[in-house]
Amino acid sequence: MLDITKLLEEIKASPYEELVITAPHTGVVSFAGVEEGTRVVGATGLWKEVPGTRLATIEREHNQKFILAHEKGVISKVHKELEGTFVEAGTPLVHLRHFLSKDEVMSIILKKALYLFNAPERAKYYFAPDADKKIKASGPKAVTVHDGQELFIMSRMKREASLCYSGPEGVIYAVYFQHNENVDAGAPLIGVCPPDQVGLIEDVVIRVQTEWVEQD
Amino acid sequence: MDIDKKIQHLAERLSYIKDIFGDKQTENVRLLETRLEEFVQREQALPTKEKHAAIATVEDLFGFVEKKLETELTPMDKVRIVRHSQRICLRDILENVYDNYTEIGGKDENSIDPSMLIARAYITRRSGKKTYHQPVMVIGQEKGHGEEFRNGGSVKPWGNAKALHYMKVAETENIPVHTFVFTPGSYPIEDAPGAAQQIAKNLYEMSGLRVPIVSIFSEGGSGGAEAIGLADMRLMLSHGYYSVISPEGAAAIEGRLRSGERAGSELIEKCATQLKMTAADNVRMGYIDHAIDEPALGARPYHYDFFRRLRQEVIRATDEVVLSVKGFTPFRAMALRRRRGKTIEDLDLENIYVRWSLSSAARTRLVQKRHKKFLRLSRQAFLDRRPFVRRCSAWWWDKGWDIYSYFKYDLWRKHQKQLIYAVEEVDAEARVLMEKVLRPWRKLTSSLPSVPTKDNSKERDLTMLSQWDQEDEARNGQWSYVSGRAKEDKAITCPNSGSHGCLDLWAPDLFGEFAGVCNYCGHHFPMEYQWYLHNIFDPGSIFEFNSEVEAANPLGFEGLDVKLEQAKKKTGLKSGCMTFEARIDNVKVVVAMLVAPFRGGSVGAAEGEKFIQAAERAKKKRFPFLAYVHGTAGIRIQEGVNGVIQMPRCTMAVRRYIDAGGLYLVLYDTNSYAGPLASFLGCSPYQFSIRSANIGFAGPGVIKETTGMDIPPDYHRAHRALSRGHIQGIWDRRDARSNLRQALLTMGGRNLYYR
């Protein structure tokens, strides 16, 4: 059984991800004036169309390419000794400490705690009628699923086929699809949780919502 | 009660003055304010009779000050007047100018676009003892008095489509159209139909609409105004403006502001003055036929005298248009002419009766007259430095072609065609007969043994894959023009490398051999226009004409002269439009090319004139007409209305050409935006684009500025334009030549390229 409290404590102990930004290809590196402790932002905008902070420039064959931050965070280390030198692809250039947001923490915990059942192919998915009724009446947590249960209807180009759930027994904790939108193959449809852990996970969710302090 | 109403009215007049002048004229405003306050305080104590006398004095003072302020109005003040919520709107006009009206195509919010209002209206006239009801179709943008759902008169594409629909209804019913232009500009939605496409469609249809159109301008904001403003008679309210761009927009461009920044009020005022957008300016330049005087500080809904004048002007304008194309109307036309310049009191148009429906011949004359009228406009707005002798010879050469093409195509070709048809018919009959007669002989010969010759070329064609660089058209990467960027020794990263994993490309390969196309994902880097000149048309076949027509600065816009000189020096061209005859695989074409390096390929009077001349030439010579848009940023704003008038002018030229039977193709490349797209380019039934193109009505900055909406980065890409139905196909640059030839052959009809 997964110890969720411990997991949360672990995340709390180091509430960030350490991202290492490496050289995408060979070339001469010049850093763009970032120091340890500098705050940087990732790509922003509705379509991520505004580029993030420039960290370094790498030049090969007179072709300057910018290395940009993909996530927001604080620079923890800059390999200044590489300034002006020719580096190989994959050489670490900058270490970025990205602080986790509430949503990210939640998704980490849920991913570890829940069993995710994935869509086998790109299609629209619906719950089978009996499950659907229960979900509409009293929410997804009211439905218990077991291996081999006929749970979904997979609909593609107006052709419908039933899809059986396979995995451990438990209640549906999270639903990741909407009935009018296509789901890509491999994307999760539902997250299933053993019945005895439901209370525990709910606790954690509440604790994350209330306790997690986002650091900008 | 009466006094209260008057006080409220005066307070409204005061707030109006404050809104118009802002922080100017503070002394006059303070004077009025104190007088009004004094009166309000004293009011309760005064007896009724004195009350009336006192308020009359205050009213007189208001009138006096308003008259005084009227003389000090700057163009920007007029813009504020036109935009004010107390300004008369189309509803007021329908109520007060027409005798009866019914709104059609929806009402208020329950309309496909509440900012476009359509009404069938009546004007009733009495001539002698008879009463005539004369129906008209009234179409115009409705701003309302600050009604949110009207969107300030910014019409969405479907609003313009509605207007066009009812113009056609009017044409069917043979009744005149009165359009009222009350718009700051069109709403820049790219949808199906897109804003640009719909305006282009409107212009194209209006240029051939067979009923009189009278247009009254109050606020004429570029594309939105043109969508319903192409008219036989264009009147303008004296406090209105008619311009290519709002003064704020012009200031943002002139001040080179980045998005989000605001221009200073001084710069805006200066731009408003320089753009020459007032009624007087437009009448002087000839774009407006007649200005209608408004009361001091602009017409508001309580100016009933003004509505009476407007009614007379509208009637007179319609009468004039109708009489000018009717067959025999000497006395009425004379009477009408004599009334020009008379005051409103002397005008009595009610007792002259002119039937507003036209005969078929008169309708044809009407359209011809409209085209002639627009063809004459803006001739003064560009430079033509040819010596007199050469101009004369060009004129004669032109006339010669007129006569030649009349004899060759209109006279001889018509009979030749009949003859050919007859021969074809006889030939087809004879074939059927011969088939029957010869069948026994064929049977006999086919039964004899013979040695079959083996030809496997067809088999090879069908079973082997084709590759673009093995075909003749690609010339194995040996292009006759190679971009200057190919000389640089550097690598270039494809913008799609993140998503498509393209490797870096070496510039000499990319711009030399690959024609600016990424080898991995097919991304098109923009190319110079010379690349197309040399690689699409047959070598040595290009013959340029009208190259002497030169872009000028008709409004004396500050700084434009220098900028034009720079552009001329940089590109070696005299305007942003290059017109030439050329051949594509021996098919002769006339090409008008908008060149992006010349001031962004913006269209002004010179470019428009060259485009029209090219269309006329294609018509005379019976060649297909290709508009190759290397890039256009829109209308050249520094030319003001001289630029914007090219939208209807060029569309008319295109219409004349297509009506005469020509094939008009448009090919986009790099960036094409705004005015040209919303008129003479967008109206083509065959529009294609090279894959590198961005196509749209307004650029992302303008959309953000006007609507506050952020748009996705690929909003204007060619593939989006294709899915919206704007263009009909996307071409690879390397295939442009073969695709053009294919288009000419397949769309050109029976005689290859001219019906």
Side-chain angles (χ1 to χ4, degrees), chain A residues 19-32 40-73 82 84-94 96 98 122 157 181-182 184-187, chain B residues 189-190 258-261 483-514 516 518-521 523 525 671 694 696 698-705 707-717 719-720 723:
Chain A
L19 303 173
V20 181
I21 291 148
T22 57
H25 57 72
T26 54
V28 176
V29 175
S30 55
F31 290 96
V40 295
V41 289
T44 49
L46 195 51
W47 299 276
K48 302 277 176 213
E49 78 278 18
V50 184
T53 314
R54 194 199 302 176
L55 303 174
T57 310
I58 190 160
E59 188 179 330
R60 181 179 67 183
E61 293 176 347
H62 309 285
N63 182 19
Q64 286 193 333
K65 249 191 276 191
F66 300 140
I67 298 172
L68 308 168
H70 294 292
E71 298 278 3
K72 73 174 178 185
L82 296 174
T85 61
F86 186 88
V87 297
E88 297 216 351
T91 312
L93 300 176
V94 176
L96 177 66
H98 168 63
R122 186 177 161 80
M157 298 297 293
E181 277 172 19
N182 273 310
D184 280 325
Chain B
I189 298 183
E190 300 298 345
R258 305 186 65 179
S259 65
E261 290 178 275
S483 164
R485 285 174 293 170
K487 286 179 190 142
E488 279 178 274
D489 174 24
K490 65 183 270 189
I492 284 171
T493 308
C494 173
N496 294 339
S497 61
S499 52
H500 292 62
C502 315
L503 302 181
D504 281 1
L505 295 148
W506 192 41
D509 280 349
L510 176 63
F511 293 113
E513 195 177 349
F514 306 156
C518 171
N519 235 6
Y520 301 93
C521 70
H523 171 81
F525 289 83
N671 302 316
N694 286 312
V702 178
I703 294 181
K704 175 80 187 162
E705 173 98 13
T707 66
M709 284 195 304
D710 278 309
I711 56 162
D714 66 344
Y715 195 61
H716 290 124
R717 304 290 309 170
H719 65 272
R720 298 286 291 259
S723 61

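Since we're looking at a predicted model, the values are computed, not measured. Reminder, nothing fancy here: chain letters follow the sequence lines and each chain counts from 1.
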Legend entry - Close side-chain approach of A:W47 and B:D710, heavy atoms under 4.5 Å: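 In short, these two side chains touch, coming nearer than 4.5 Å.
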Legend entry - Region of B:L503 in contact with chain A, defined by heavy-atom distances below 4.5 Å: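 Neither part; nothing is under 4.5 Å.
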Inset, instruction - Can you tell which part of B:D504 gets under 4.5 Å to a heavy atom of chain A, answering side chain, backbone, both or neither? - result: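 It is the side chain, since no backbone atom gets that close.
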Hey, could you give me the [atom1]/[atom2] distance between [X] and [Y], rounded to the nearest 0.5 Å?
{"X": "A:E61", "Y": "B:I492", "atom1": "CD", "atom2": "CD1", "result": "11.0 Å"}
{"X": "B:S497", "Y": "A:H25", "atom1": "OG", "atom2": "NE2", "result": "8.5 Å"}
{"X": "A:Q64", "Y": "B:T493", "atom1": "CD", "atom2": "OG1", "result": "10.5 Å"}

Legend entry - Heavy atoms of other groups near A:E181 CD, more than 12 under 6.0 Å: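 Enclosed.
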Legend entry - Taking every non-hydrogen atom, the tightest pair across B:P713 and A:E49: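 So the two residues come closest at CG-CB, 3.5 Å.
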